[in-house]
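Read through the structure below, which is laid out as structure tokens, and then see the notes.
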Amino acid sequence: MAGLIKREDIDAVRERADLREVVEQYVTLKGAGIGSWKGLCPFHDERSPSFHIRPHVGTYHCFGCGESGDVIAFLMAMEHTSFQETVERLAGKYGIELRYEDGGSGPDKAEVGRRQRLLDAHKITDEFFQKHLHSPEAQIAREQLTVRGFTKDHAEQFGVGYAPKGWSNLLDHLRSRGFRDDELKLTGLFSEGSRGLYDRFRGRLMWPIRDMTGNTVGFGGRRLYEDDQGPKYLNSPETAIYKKSQVLYGIEHAKRSIAKKRQLVVVEGYTDVMACHIAGVDTAVATCGTAFGDGHIKIARRLLSDDGSPAEVIFTFDGDEAGQQAAVKAFNEANQFNAQTYIAVGPEGMDPCDVRQHRGDEALRQVIEGKTPLVEFVVRRRLRDWDLNSVEGRIGALKTSAPVVASIRDTALRAAYTRELAGWLGTDVGEVEAAIRNSPRQTARATPAAEQAATAGGGPAASKGQRSHGSGRQYEEPAAEDYYQDGYWAPRHQPAAGQAPAFQRPDPRDPAVMMERQALEVILQHPTRLTPEQWEEIFSVRFTAAAHQAIHDGIRIAAANASDPRTWVQNVREEVPEPLRNLVSELAVTALPAKTEEHLDRYCQEILNRLVELKIQHEKANLLGRLQRMDPSAEPEEYRRINEELMELERRRRTLRQLD
């Protein structure tokens, strides 16, 4: 039974995982001061680096787009994996054995081992095919690529290879690499006859099919020789690691662009994906020998996660009857997307690869840009079957088209298409509205998941006017009189009771506020440089900026369970209100003005001393105010005691000055 991973094991993963090592798989980093690295942000386009990491506290932050977090959050964002999948992946990489709550268990170790053997076999096979594309025998394969407009670099980009002729070339190769026949039977790379195993792919141009994380899980092969009696395209059969309904060809190339651009282009073949990417349509993927279905929709929804901006799914189908039927099927499933759906058909029914080959990259981009809303395509296709010049034809067309318009979830869009349909039919709008209103699809229309969540009032899919706070409560998005700045809401009024707090960004022009910020930077970045006495002093400091005080409160809570510096910042992030978590990461990676360890240590001590001195000055001001209000003759003992406190505070202040 699957269960939640124990918290201490998650912390162990954070402690053991090397943030710099993980980030450098995606970002080129260069030094940015003591213990700090920076590079171009992988989450948004930029020309100068604003993405900073501090491996010793396990935190990254982009000063351009505000993205921040720890090693787990980074890998989740880059690979679009779930929290548990990411933790398990990092645990496997760094040799950490995970435990699970309430008697639950993680993946079966034996099954994990078998899966890894399958992945290893496919990785070796991928390399084998790519190597053989450069062999003399593969001339026909290289010519096939050239004819379709692909170069050697394009082939290498997509890992295109060649399966040599013969019955046991791959079989012998994998056996020589230590694989047993009982293992090879499970790979889908071989067929079995009376004489045993033999290569499934022979004399074919090969494409590796990879999962979201880039692991090769299957292959597709195109026929090249006249005497090959097999199908034009031959795909791997389903295996433990390859499920056709859960894999999209090209997803490893397209996933980041899909998430960034909130666009998914679905094409029909391997060469179509290649053509699109080469032409600049880098959000293209294809199904692998099966129709676009529920499993693919889950992948799409995962990548097109709702962040409030518009998303679109564009299908490219052939202009023939089969292609149009596929478009209708896609429309019937379109309500599962939190996106607008479109269809793009090439000129004269050409597929994307043909468009690029015969008309160039720009023409292919124009095909995608000239997309037609899928609902319009389906409605017009239904209208095509009727004679709109007759009364009977118009009535029949209205009856078949009304359910399509009724199924549109967006009420404004449905109203617009109601008017469009009336124009296409040459019929009164009121008559079309009545037909749509009475359509069975209208009354049976499923409530979108996001609307259900909003009705229930919770979860990450909460209504548009709310965002989730880490405690499970909600805080309102800004009203017209609020403003947004640097990653969190800043109200000009107090939040209502029961709402999570919102915070105005502290003003660095205020010297006291700037001192507070610098102190928080030191505490978050170098907690091990603080002595027990300094921690005690800092815990009693009151910060003037509300955001700084909230972070200070989070530091006090996190410090009670502090263990490893690499989990320190993440622990603080979890203890502050959600609107401030990005600010915590920002403070944790801000460059400190020190070029050597000696200078850094001196700077940290100076800042912490200034913070304590500020606290002393506040205490002195309070005591002086009390003295001014007192009558020394009426309360001589209290008057003397306060004077002694003032003298002690001044002594401490001077001591701090001498330490600087």
Side-chain angles (χ1 to χ4, degrees), residues 79-80 118-119 122-123 125-126 129-130 133 141 144-145 148-150 154-163 187-189 200-201 204-223 231-239 241-259 263-304 313-318 323 326 330 344 351-356 364 368:
E79 298 293 350
H80 301 281
L118 289 176
L119 291 173
H122 278 77
K123 181 177 184 294
T125 300
D126 193 349
F129 288 153
Q130 290 189 52
L133 182 63
Q144 179 69 29
L145 289 170
R148 302 308 299 272
F150 301 120
H154 297 152
E156 291 178 353
Q157 178 183 348
F158 289 89
V160 182
Y162 174 75
T187 63
L189 299 171
R200 176 181 178 85
F201 300 102
R204 285 181 174 256
L205 186 60
M206 302 297 298
W207 283 269
I209 299 169
R210 295 171 178 147
D211 64 14
M212 187 88 76
T213 61
N215 290 316
T216 301
V217 295
F219 293 91
R222 188 192 188 283
R223 184 178 61 205
K232 181 177 180 181
Y233 281 95
L234 178 66
N235 291 326
S236 292
E238 295 204 343
T239 65
I241 61 172
Y242 176 51
K243 307 296 182 185
K244 295 181 181 180
S245 63
Q246 299 172 14
V247 174
L248 288 168
Y249 175 74
I251 195 67
E252 77 279 13
H253 295 287
K255 61 185 178 183
R256 289 176 206 160
S257 295
I258 293 169
Q263 179 194 73
L264 176 70
V265 176
V266 182
V267 298
E268 293 194 303
Y270 307 128
T271 57
D272 292 333
V273 171
M274 292 177 66
C276 283
H277 281 257
I278 294 165
V281 183
D282 56 1
T283 57
V285 296
T287 58
C288 301
T290 185
F292 194 86
D294 291 343
H296 304 122
I297 290 171
K298 289 179 181 178
I299 297 174
R301 291 179 63 182
R302 193 173 183 176
L303 291 167
L304 296 169
V313 178
I314 304 170
F315 295 94
T316 64
F317 296 113
D318 291 340
D351 60 33
C353 186
D354 288 335
V355 173
R356 177 179 177 271
L364 178 51
I368 303 302

- Message: Working note: Val265 + Val267, criterion side chain to side chain contact (heavy atoms under 4.5 Å, CB included); need CA distance, chi angles, decisive distance, verdict.
- Response: CA-CA 6 Å; Val265 176; Val267 298; 4.1 Å; yes

- Message: Working note: Glu79 + Thr213, criterion side chain to side chain donor-acceptor pair (under 3.5 Å); need CA distance, chi angles, decisive distance, verdict.
- Response: CA-CA 6 Å; Glu79 298 293 350; Thr213 61; 5.6 Å; no

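- At least one side-chain heavy atom of Thr125 sits less than 4.5 Å from a side-chain heavy atom of Leu189.
- Annotation: side chain of Arg200 is in contact with side chain of Pro237 (closest heavy-atom distance under 4.5 Å).
- In this structure, the separation between NE2 on His277 and CG on Leu364 is 11.0 Å, given to the nearest 0.5 Å.
- Of the possible polar contacts, one joining the His296 side chain to the Lys244 backbone as a donor-acceptor pair under 3.5 Å is found.
- In this structure, CG on Leu248 lies 12.5 Å from NZ on Lys255, to the nearest 0.5 angstrom.
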- Message: Assess the residue pair Met212 and Ile299 against the criterion (side chain to side chain contact (heavy atoms under 4.5 Å, CB included)); give the C-alpha distance rounded to whole Å, side-chain angles, the decisive distance to 0.1 Å, and a yes or no.
- Response: CA-CA 9 Å; Met212 187 88 76; Ile299 297 174; 3.8 Å; yes

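- When side chains are defined from C-beta on, Thr287 does not count as touching Tyr249, because their heavy atoms never get closer than 4.5 Å.
- Across Lys232 and Arg204, no two heavy atoms sit closer than the pair O-NH1, 3.2 Å.
- Counting only distance, with no hydrogens or angles, the side chain of Lys298 and the backbone of Asp294 share no donor-acceptor pair below 3.5 Å.
- Nearest heavy-atom pair across Ile297 and Phe292 is CG1-CE2, 3.7 Å.
- Contact check for Ile241 versus Leu119: side-chain heavy atoms found under the 4.5 Å cut-off.
- Expressed to the nearest 0.5 Å, how far CD1 of Ile368 lies from CD1 of Ile314 amounts to 6.0 Å.
- Residues His122 and Thr187 are in side-chain contact: their nearest non-hydrogen atoms beyond the backbone lie under 4.5 Å apart.
- Using cut-offs of 30° and 60° for the angle between ring planes, the Tyr233 and Trp207 rings count as tilted.
- Using a cutoff of 4.0 Å between basic side-chain nitrogens and carboxylate oxygens, Asp282 and Arg256 are not scored as salt-bridged.
- Remark: the backbone N or O of Met274 is not paired with any side-chain donor or acceptor of His154 at under 3.5 angstrom.
- A pairwise comparison of heavy atoms in Gln144 and Leu205 identifies CG-CD2, 4.0 Å as the closest pair.
- Between Ala254 and Ala284, the closest heavy-atom pair is CB-O, 3.7 Å.
- Taking the six-membered ring where the residue is Trp, the centroids of Phe219 and Phe129 are separated by under 6.0 Å.
- Here CZ of Phe201 is found 5.0 Å from CG of Leu234. Values are rounded to the nearest 0.5 Å.
- Side-chain contact between Thr216 and Ile209 is absent, with no heavy atoms from C-beta onward closer than 4.5 Å.
- In this structure, Leu304 and Ile258 have side chains that are in contact, with non-hydrogen atoms separated by less than 4.5 Å.
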- Task: Go through Val160 and Leu145 one step at a time and tell me if the side chain to side chain contact (heavy atoms under 4.5 Å, CB included) criterion holds.
- Result: CA-CA 9 Å; Val160 182; Leu145 289 170; 4.1 Å; yes

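- Taking 4.5 Å as the limit, every side-chain heavy atom of Leu264 sits out of range of all side-chain heavy atoms of Leu303.
- In this structure, Gly159 and Pro208 approach most closely via the heavy-atom pair O-CD, 3.1 Å.
- Rounding to the nearest 0.5 angstrom, the gap separating the CG atom in Asp272 from the SG atom in Cys353 is 6.0 Å.
- Remark: side-chain polar atoms of Ser236 are not paired, donor with acceptor, to backbone N or O of Gly220 under 3.5 angstrom.
- The CE atom of Met206 lies 9.5 Å from the CG atom of Asp126; values are rounded to the nearest 0.5 Å.
- We find that Asp354 and Arg148 are joined by a salt bridge, their nearest charged nitrogen and carboxylate oxygen being less than 4.0 Å apart.
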